[in-house]
There are 2 protein chains.
Amino acid sequence: MLLTDRQVLILQVIVDDFIRTAQPVGSRSLSKKEEISFSSATIRNEMADLEELGFIEKTHTSSGRIPSEKGYRYYVDHLLLPQQLDSSDILTVKSIFAERIYELEKIVQKSAKILSEMTSYTSIVLGPAVKDNKLRKLQIVPLNQDTAIAIIVTDTGHVENRMFHFPASVDPGDVEKMVNILNERLAGVPLVDLHANIYKEVAALLRQHIKNYDLLLGTISETLTMPASEKVFFGGKTNMLNQPEFNDIDKIRNLMTMIEHEDGISRLIRKNPKGISVRIGRENNNIAMENCSLITASYSMGEEKLGTIAILGPTRMEYSRVISLLQFISTDLSKVLTELYQNK
Amino acid sequence: MLLTDRQVLILQVIVDDFIRTAQPVGSRSLSKKEEISFSSATIRNEMADLEELGFIEKTHTSSGRIPSEKGYRYYVDHLLLPQQLDSSDILTVKSIFAERIYELEKIVQKSAKILSEMTSYTSIVLGPAVKDNKLRKLQIVPLNQDTAIAIIVTDTGHVENRMFHFPASVDPGDVEKMVNILNERLAGVPLVDLHANIYKEVAALLRQHIKNYDLLLGTISETLTMPASEKVFFGGKTNMLNQPEFNDIDKIRNLMTMIEHEDGISRLIRKNPKGISVRIGRENNNIAMENCSLITASYSMGEEKLGTIAILGPTRMEYSRVISLLQFISTDLSKVLTELYQNK
DNA sequence: TTTAGCACTCGTTATTGCAGAGTGCTAACA
DNA sequence: TGTTAGCACTCTGCAATAACGAGTGCTAAA
């Protein structure tokens with residue numbers, strides 16, 4: 001099952017060629033390449049073997065060969081030379097951070113946009129998981145007698161807000177007192193733990209100072225329980241429409257519907273390891289992704305993994321370039337974010 | 001140029017039929033309808049006249065007829081009987097407001113979703129123009145020595161926030177003083193006027209109380225100048241993929257790209273009058289919208305127009321149903337919003 | 001082991017023929 | 001004069017056919 005050098009060479013050229021042209025590669029056209037010095041007949045024999053081993057396939061009996069998923073997998077695992085980004089690409093990426101933007105979300109969003117423009121694939125960026133951010137400040141702004149807005153500011157400068165109603169019998173002074181206590185006690189607590197902490201540590205204290213505290217506390221703590229999951233940002237959602245393999249309305253429909261349905265795609269991306277990961281075709285376990293590959297890279301702040309940045313393209317994707325690009329952007333992104341927020 | 005009753009009848013049946021089936025309508029199939037009592041030959045004569053007048057067209061020499069844009073226009077202007085929504089539709093719409101949601105944005109977003117599900121067209125909702133909201137509260141939360149977040153809460157409960165940097169030399173106490181003054185003086189001012197008002201009314205006052213006020217004020221007032229335009233919410237972005245007239249990849253690409261590019265679509269929708277408006281095909285002045293119609297309805301709070309709710313579908317759209325639906329939702333929406341925020 | 005040669009397969013494209021749907025026109029009818 | 005029946009004509013859609021090109025698999029010779 002080990003491939004000979006020549007088989008590897010042929011596989012490499014087939015994949016490269018197919019990625020470039022999207023056309024099945026025939027033995028004759030292969031034999032004309034300069035890196036190949038043997039005849040088309042020899043190539044045909046080798047291709048027959050490669051096909052038997054499952055690395056390439058035919059689209060019909062007498063067609064040229066295209067890489068199978070296994071072929072792409074081999075290509076990605078063994079044949080990808082760490083390609084240098086060209087300098088114009090590097091400049092473009094740098095431009096993401098050129099402007100003085102401070103909001104984490106905006107940086108992330110801009111990355112997604114630029115990434116999709118550079119690759120002409122679809123980019124997907126999973127924003128930082130807000131739930132791990134730590135509470136910096138809780139504020140409550142009353143709107144009228146029985147409505148108010150709770151605002152939460154986190155240490156990364158993320159702002160969440162939620163409107164809520166409370167019983168008219170509640171004393172505004174008490175609300176203020178309560179907010180002060182909550183701030184004092186809960187600053188620095190990760191949002192995900194807020195709810196638990198309120199009851200564990202603060203409730204007793206509140207009971208002493210505030211009458212009717214349970215009425216109000218119930219409302220507020222419920223408000224603070226954030227369902228807020230990671231935000232998903234897209235770039236170039238429609239780029240896949242330009243890929244020749246998606247000339248088929250049905251495929252388009254499947255893919256677009258799946259992209260539109262954010263839960264699906266973010267679930268697909270979330271469960272991915274630190275660093276770069278490549279998932280090819282059915283490795284994604286998703287029917288709509290049959291002809292797609294997903295390359296993800298994580299970015300972090302200091303040591304802590306923050307989010308994920310991904311490229312969705314056809315299986316016939318420029319793996320080499322996309323991987324270099326993602327690697328480059330994600331380390332750059334991590335660097336900037338670490339500088340910006342770590343030394344608070 | 002006035003149409004006879006019989007011509008009107010035929011036009012009506014053609015449009016109705018074509019909306020239902022998406023197939024050209026022939027004279028023979030028309031003559032079989034019960035509302036029509038004359039022969040196919042007569043119909044052919046009438047159709048020839050209708051075609052000459054520009055209300056219907058052929059797809060090829062010997063095909064049945066389809067409505068032209070002028071035909072749809074006549075249909076919408078003269079032949080649309082104000083149809084009663086059926087009760088299940090009414091129930092579905094009511095469900096938008098059944099849950100206790102208070103955030104304006106959420107209500108609007110949910111409307112878009114439900115609307116697209118009911119019609120299987122694409123719905124677009126232009127959120128309230130935040131710039132006309134009035135300032136309720138300005139707050140500044142420091143993040144570290146030189147970074148802080150400015151948070152603006154409006155009278156409708158909308159929250160805007162922006163991160164900014166300031167010179168390290170600024171005294172935190174001064175910031176607080178300043179925020180107090182700004183709140184005192186600017187509460188109730190529409191966001192769009194904030195910037196001007198700061199310099200007109202507050203600057204002098206600040207000068208007296210705060211040293212270095214100009215340094216800080218410059219930063220803050222710049223931060224308060226909101227580019228924040230109306231938000232656009234979509235429902236069923238991919239629904240158009242299911243319409244038979246969009247079997248063509250190129251058409252899909254045009255339309256999707258245009259939908260994805262939010263500026264375009266919101267510009268298309270914004271310049272629309274109070275009440276219901278129907279724009280058919282090229283009336284939209286947009287190449288990507290050639291085969292589409294856009295129906296918009298405004299919603300308001302009290303007397304003041306807040307935003308727009310729209311349906312984008314093929315020109316062969318169920319005008320009657322969509323119009324009733326939009327009318328119903330927009331008045332309901334207006335009612336709820338007025339109740340919720342007017343009596344503050 | 002490599003290669004040249006040849007028969008064979010399949011997709012693509014163009015052509016043809018044919019059925020079905022629909023039209024326009026004419027002549028007859030009420 | 002308006003309506004209708006009839007007929008020739010047109011166009012689409014589909015299926016069958018043929019020709020071509022690209023590519024393969026196999027065999028036999030180098």
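Reminder, nothing fancy here: chain letters follow the sequence lines and each chain counts from 1. The structure displayed is predicted, hence computed values, not measured ones.
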In Å and rounded to the nearest 0.5 Å, what is the CG to OH distance from L3(B) to Y74(B)?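 Answer rounded to 0.5 Å: 4.5 Å.
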Going by distance alone, is a donor N or O of one side chain under 3.5 Å from an acceptor N or O of the other, for T296(B) and N272(B)?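 Yes - a donor-acceptor pair under 3.5 Å links their side chains.
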Any luck finding a side-chain donor-acceptor pair between T238(B) and E260(A) under 3.5 Å?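 E260(A) and T238(B) do not have a side-chain donor-acceptor pair below 3.5 Å.
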Determine whether a donor-acceptor pair (N or O, by modelled atom type, separation under 3.5 Å) exists between the side chain of [X] and the backbone of [Y].
{"X": "N284(A)", "Y": "N286(A)", "result": "no"}
{"X": "S123(A)", "Y": "A112(A)", "result": "yes"}
{"X": "E69(A)", "Y": "R282(A)", "result": "yes"}

Residue whose nearest DNA chain D nucleotide is more 5′ - S29(A) or F38(B):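 The answer here is F38(B).
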Exceeds 12 heavy-atom contacts within 6.0 angstrom, atom CZ of R28(B):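 For R28(B), atom CZ is not crowded (no more than 12 foreign heavy atoms under 6.0 Å).
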Please check if atom CZ in R6(A) has more than 12 non-hydrogen atoms from other residues, nucleotides or ligands closer than 6.0 Å.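 Result for CZ/R6(A): enclosed.
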Nearest-angstrom distance from the residue atom [atom1] of [X] to [atom2] of [N]:
{"X": "L30(B)", "N": "dG22(C)", "atom1": "CG", "atom2": "C1'", "result": "12 Å"}
{"X": "F18(B)", "N": "dG22(C)", "atom1": "CZ", "atom2": "P", "result": "14 Å"}
{"X": "Q7(B)", "N": "dT3(D)", "atom1": "CD", "atom2": "P", "result": "11 Å"}
{"X": "H60(B)", "N": "dC9(D)", "atom1": "NE2", "atom2": "C1'", "result": "14 Å"}
{"X": "D17(A)", "N": "dG23(D)", "atom1": "CG", "atom2": "P", "result": "11 Å"}
{"X": "D49(A)", "N": "dT1(C)", "atom1": "CG", "atom2": "C1'", "result": "13 Å"}

Under 3.5 Å, which protein N or O atoms sit close to an N or O of nucleotides 12-17 of chain C? Give each pair with its distance.
none

Dump the pairs, protein N or O against N or O of nucleotides 23-26 of chain C, anything under 3.5 Å, distances to one decimal.
unit_1, atom_1, unit_2, atom_2, d
dT23(C), OP1, R65(B), NH1, 3.3
dT23(C), OP2, S27(B), N, 3.1
dT23(C), OP2, S27(B), OG, 2.5
dG24(C), OP1, K58(B), NZ, 3.1
dG24(C), OP1, R65(B), NH2, 3.2
dG24(C), N7, R44(B), NE, 3.1
dG24(C), O6, R44(B), NH2, 3.2

